Structure formats: C-alpha cells, structure tokens
Amino acid sequence: MDICFIFGCSVTFGTIISSFIDFKAIVKKVNLKPKNLTEITLEVNSADLDGKIQHLSEMIDQKVESQLESTLVNYNVEINPMLINLITCGRLISMGL
C-alpha cells in the first residue's frame, strides 16, 4: 500500500515574486547524506502537476518551504466474533444494532 502525502512548496525570488504549488505525491525514498543533509524523493502523477511544471522547474536549486501531511488514517475497530459468526451463518438475529 502506498502512503500518499500532500506536498506544498513556496519560493521567493528577490523580495517581490513568490510562487506556490501543491500536489499529491508518494514518498519513495529518504536518503541521509553527509553534512547533515537529507534527500527526499517524491513520485508525482503527471496529471497532478498539470500547469505547474513551469513553477516547479523555477524552484530547482532554490530554497523552499515544504509541509508533508499523510493522507493515510489509522483506526481500530472492535469486532464482535459472535456477530460475525451469526452473519456468516445467515442467521442474523436482531440484537438491537
């Protein structure tokens, strides 16, 4: 299962021009490098970058701000094994559910 992330970047050129793009991506690799650097590889569907490629290419080798937010939600569900047994046997009895 792939974990998707929402990824936004902004960059300021000089003091006036600012650019922002957002897209959904999959984090494919995190590589720890020397000099206290971390390289993050993202995979993006081309359709998600429609009309944003120019802005993204202008950000190459520029300092940007980014945020990653997982779109995967984890939760626990309590299952009553007796109810499952009743459903699979085809004898669902009204239990006030």
Side-chain angles (χ1 to χ4, degrees):
M1 174 187 295
D2 288 328
I3 300 175
C4 294
F5 289 84
I6 298 172
F7 183 77
C9 289
S10 63
V11 63
T12 303
F13 299 97
T15 56
I16 300 173
I17 300 172
S18 179
S19 181
F20 176 83
I21 61 171
D22 65 317
F23 50 85
K24 291 185 179 177
I26 298 171
V27 176
K28 296 305 273 187
K29 183 173 72 170
V30 176
N31 186 18
L32 303 176
K33 298 179 84 173
K35 299 182 183 176
N36 203 26
L37 295 176
T38 304
E39 180 180 66
I40 301 170
T41 302
L42 301 174
E43 183 176 88
V44 182
N45 186 320
S46 296
D48 288 338
L49 289 176
D50 189 35
K52 302 173 186 175
I53 295 286
Q54 180 62 35
H55 292 296
L56 184 60
S57 67
E58 292 170 359
M59 294 180 186
I60 295 172
D61 289 330
Q62 300 294 321
K63 289 191 178 214
V64 297
E65 292 182 10
S66 63
Q67 296 178 350
L68 298 175
E69 180 180 331
S70 176
T71 58
L72 179 66
V73 178
N74 293 319
Y75 57 91
N76 295 322
V77 177
E78 188 175 320
I79 298 174
N80 181 341
M82 185 64 164
L83 182 60
I84 291 175
N85 188 33
L86 292 174
I87 292 172
T88 57
C89 291
R91 299 174 296 171
L92 180 58
I93 301 169
S94 177
M95 301 176 67
L97 298 175

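Side chains included, hydrogens not; waters and symmetry mates left out as well; all remaining heavy atoms used. Quantities reported herein were computed from a predicted structural model and do not represent experimental measurements.
Put simply, NZ on K52 and OG on S46 are 12.5 Å apart, with the number rounded to the nearest 0.5 Å. Taken from CD1 in I40 to CG in N31, the straight-line distance is 10.5 Å, to the nearest 0.5 Å. To the nearest 0.5 Å, the span separating OG on S66 from CG on D22 amounts to 13.0 Å. The structure places CD1 of I26 at 10.0 Å from CG of L42, a figure rounded to the nearest 0.5 Å.
In this view, K33 and E39 satisfy the salt bridge (Lys or Arg N to Asp or Glu O under 4.0 Å) rule, not counting sequence neighbours. For D48, the side-chain contact (heavy atoms from CB on, under 4.5 Å) partners at least two apart in sequence or on another chain are F23, K24, V44, N45.
Between the side chains of Q54 and E58, at least one donor N or O lies within less than 3.5 Å of an accepting N or O.
Using a 4.5 Å heavy-atom cutoff, the side chains of T41 and V27 are not in contact.
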